[in-house]
There are 2 protein chains.
Amino acid sequence: MDYFQSLKDTVNSAILEYLPNAQIKPTKLHQAMHYSLLNGGKRVRALFVCICAKLFPQNVDPLPAAIAIELIHAYSLIHDDLPAMDDSPTRRGKPSCHVEFDEATAILAGDALLTEAFLVLSNAYKKNPPLALALIGELSLASGSRGMIAGQQEDIDNEGLAISKENLEFIHEHKTARLIQCAIKMGFLCGDYHHIDKHQIKLLGYHLGMAFQYQDDLLDVESNEEILGKPTQSDGQFDKLNAVKVYSVEEAKTRLNDFFQSAEILMDELEVDTTSLQTYVESLRQRKF
Amino acid sequence: MDYFQSLKDTVNSAILEYLPNAQIKPTKLHQAMHYSLLNGGKRVRALFVCICAKLFPQNVDPLPAAIAIELIHAYSLIHDDLPAMDDSPTRRGKPSCHVEFDEATAILAGDALLTEAFLVLSNAYKKNPPLALALIGELSLASGSRGMIAGQQEDIDNEGLAISKENLEFIHEHKTARLIQCAIKMGFLCGDYHHIDKHQIKLLGYHLGMAFQYQDDLLDVESNEEILGKPTQSDGQFDKLNAVKVYSVEEAKTRLNDFFQSAEILMDELEVDTTSLQTYVESLRQRKF
C-alpha cells in the first residue's frame, strides 16, 4: 500500500483511540464529535506532522500531535458550517454537523473537539513536559484569535465586499496557512530539529499553507459539485473570498506555482533529508479535490 | 479595602494584561472578547484559584491560572447565550455578545477565549512545564466533553422535559461544579499541596461547586430581574433546569446547606490553615445575587 495512505490509516485508527467513546454520556455530543472527525478528511495536517517528525531518525511519537491538530481542524469546520457563519448544509457530500444533529449540539461538539485537542497533548506527552508545552503553545497560538480565528472573522466580515490583495493575503494566511504552518512546526518539534533554522521551518510552513489554499480556491472554481461534495464555486455564491476574486485564474495559478516552488527550494535547503516530505507535497500538488 | 475585593481588582487588571489588545486585527473579534470578559463577573473561579494557592506560604503565582479559568467561563457564557442554545438577549443586565456584536462574532469570540486559556497557561508557566501541564490537563478535562460541555448538552437536551433527580445531579455537577472543582484543584496545584489528600481536595471542590449552583437556582427563583440583570426565573420560562423543578424550595435549601456544611467540614480537616478560604466561602454564602 502507498506509504501516505498507510500513514493516513494509522492516523484514522489513532483518532478513534484518542476520542472519548461515543457511548459516553451525553452520547449525542460524543456521536457528533465522532461524526465530524471521521467523515473522510484528507488528514493533510496530521500527515504533515507525522512526515516532518519522521524526517529525523530520532523522534518522539508524533501521532498525538497529529490527532490534536485534526481535532482543531474538525472543530473549525463544524463552526464554519453553522447558519450564522457560512451556513453550509453539507460537508464532503454529507450533511453538516448541525444538519445531522442540531445547531446547539454542533456548537458544543466544536467546543469539545477544540478542548480535547489540548487534553490529548497534555496527556500524551506527559513524560516530556517541555515538548508538550511547546506543542500546546504552537497550536493555541496558530488556531487562536491571532491565527486561524482571525482569518475566519475577517473572511465573514468581508463577505460581499470588494476585497483588496492585502485582505485576501491576511485571510488566506490566517484562516488556512497558519494551521498548516503549525503542523509543520509540530512535526519538527517531535523530531530532533534543533540544528535546523527555525525561520526556514516557519517559511516552509507558510508557503505550503498558502499553496494549499490557492489550490483549494482554484479547484473550487474548476471542479464540479459531484467531485468536491460541495456546491461548485460555493465561495462565489455568497460573494465569499476566493483568490480569483482578486487575481485572474492565470495569475492565481502563477501564484500557486510560486508558493510550491518556494517550498521546494526551502525543502532542498533544510539540513535534513526531506525526500519523503517532497514526495508528499508533490502528491498534494497533483490532487484533483 | 476588603481583601477579596482587592484580589478581584488584581484579577481584573491581570485579565487586561493577558488578553490580546483590542486594537489587534480583527478588532471586532478582540473587542468582543474584551466585552464579554470585562462585563462585571464575580470572578468566583479566579478567586478560588488565588485563595487556594495562597493557603500555602510557598506558591507559584496563581494569577495566570485564575485568568485561564475565567477565559473558559466567559467563553461558555457567550456560547450558552446564543440563539441556538439558551437564546438569552442579556447577560448581567447588558446585551449578550451576539446581540452587541453579531452571532458569527460571538461564536468566534467564544472559540478564541477558549483557545486563549491554553495559550495563557502554556506561556505563563513555561519555566515550570510539569505544573503548566498539570493545569492544562485539569482545565481541559473539567471543561471538555466529559465535564462542563457534557452538562450544557444534557441541560439543552432536557429542556421542557420532566427531569429526574439523577439527571439534575448530572447537569449541576457537570455544568457548574466541575469548573469550580477545577478552580480549587488549580489553586492547590499552584501551592505546595503535596501533603494534602487529593481526594479531599476533589470532594471539597465538588461540594463548593454544587453549593454555588443550588444558591444560583434559589436566587433565580427568589430574586427579581432588577437585581439579577436577567429575567427572573428565566430557567422556568423555557422549562429549563432548576433545582426547584425536582425539589421543593425547602428541600433545595436543605441540600444547599448540606453542601456548604460538607465543604466546611472538609476545609476544617485539610492539613493546611484554610481560614481565608472559609471566610471567602462564608461571603459567598451570604451573597444576594
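Within every chain, numbering begins at 1; the chains are lettered A, B, ... in the order of the sequence lines, protein sequences first and strands thereafter.
- The stretch residues 107-130 of chain B places B:Ile107, B:Leu108, B:Asp111, B:Ala112, B:Leu114, B:Thr115, B:Glu116, B:Phe118, B:Leu119, B:Ser122, B:Tyr125, B:Lys126, B:Pro129, B:Pro130 near chain A, each with some heavy atom under 4.5 Å from a heavy atom of that chain.
- Minimum interatomic distance between A:Leu241 and A:Ile171 (heavy atoms only, all atoms of both residues): CD2-CG2, 3.5 Å.
- Taking chain B as the reference chain and counting heavy-atom pairs below 4.5 Å, the highest number among A:Ala134, A:Ala132, A:Gly147, A:Ala150 is found for A:Ala150.
- Between A:Lys198 and A:Lys185 the shortest side-chain heavy-atom distance does not fall below 4.5 Å.
- When each of B:Thr105, B:Ile72, B:Leu82, B:Asp102 is checked for heavy-atom pairs under 4.5 Å with chain A, B:Thr105 comes out on top.
- Chosen from A:Ala104, A:Ser143, A:Gly144, the residue pairing most often with chain B at heavy-atom distances under 4.5 Å is A:Ala104.
- For B:Ile24, the part lying near chain A is the side chain, with the backbone staying farther off; criterion is any non-hydrogen pair under 4.5 Å.
- Summarising the geometry of A:Ser164 relative to A:Val246, their closest heavy-atom pair is O-CG2, 4.3 Å, with the distance given to 0.1 Å.
- Panel note: side chain A:Ser36, backbone A:Met33; no donor-acceptor pair is recorded below 3.5 Å.
- For A:Ile149, the parts lying near chain B are the backbone and the side chain together; criterion is any non-hydrogen pair under 4.5 Å.
- There is no contact between B:Met148 and chain A, counting heavy-atom distances below 4.5 Å.
- Rounding to the nearest 0.5 Å gives a distance of 4.5 Å between CD of A:Gln153 and CG of B:Leu29.
- If you tally non-hydrogen atom pairs under 4.5 Å between each of B:Leu141, B:Ile136, B:Leu133, B:Asp157 and chain A, the highest count goes to B:Leu133.
- Stacking of B:Lys94 on the aromatic ring of B:Tyr35 is recorded, both the 6.0 Å distance cut-off and the 45° axial limit being met.
- Checking side-chain atoms of B:His34 against main-chain N and O of B:Pro20 turns up a donor-acceptor pair under 3.5 Å.
- Between A:His79 and A:Tyr75, the angle of the ring planes goes over 60°, which puts this pair in the perpendicular group of the 30/60° scheme.
- Contacts with chain A were tallied for B:Glu154, B:Arg146, B:His98, B:Gln152; B:Arg146 has the most, counting heavy-atom pairs under 4.5 Å.
- In this structure, A:Glu70 and A:Ala46 approach most closely via the heavy-atom pair OE2-N, 3.0 Å.
- Under the 4.5 Å side-chain criterion, counting only non-hydrogen atoms from C-beta, B:Asn39 is not in contact with B:Glu100.
- The most heavy-atom pairs under 4.5 Å with chain A, out of B:Lys25, B:Glu103, B:His30, B:Lys28, come from B:Lys25.
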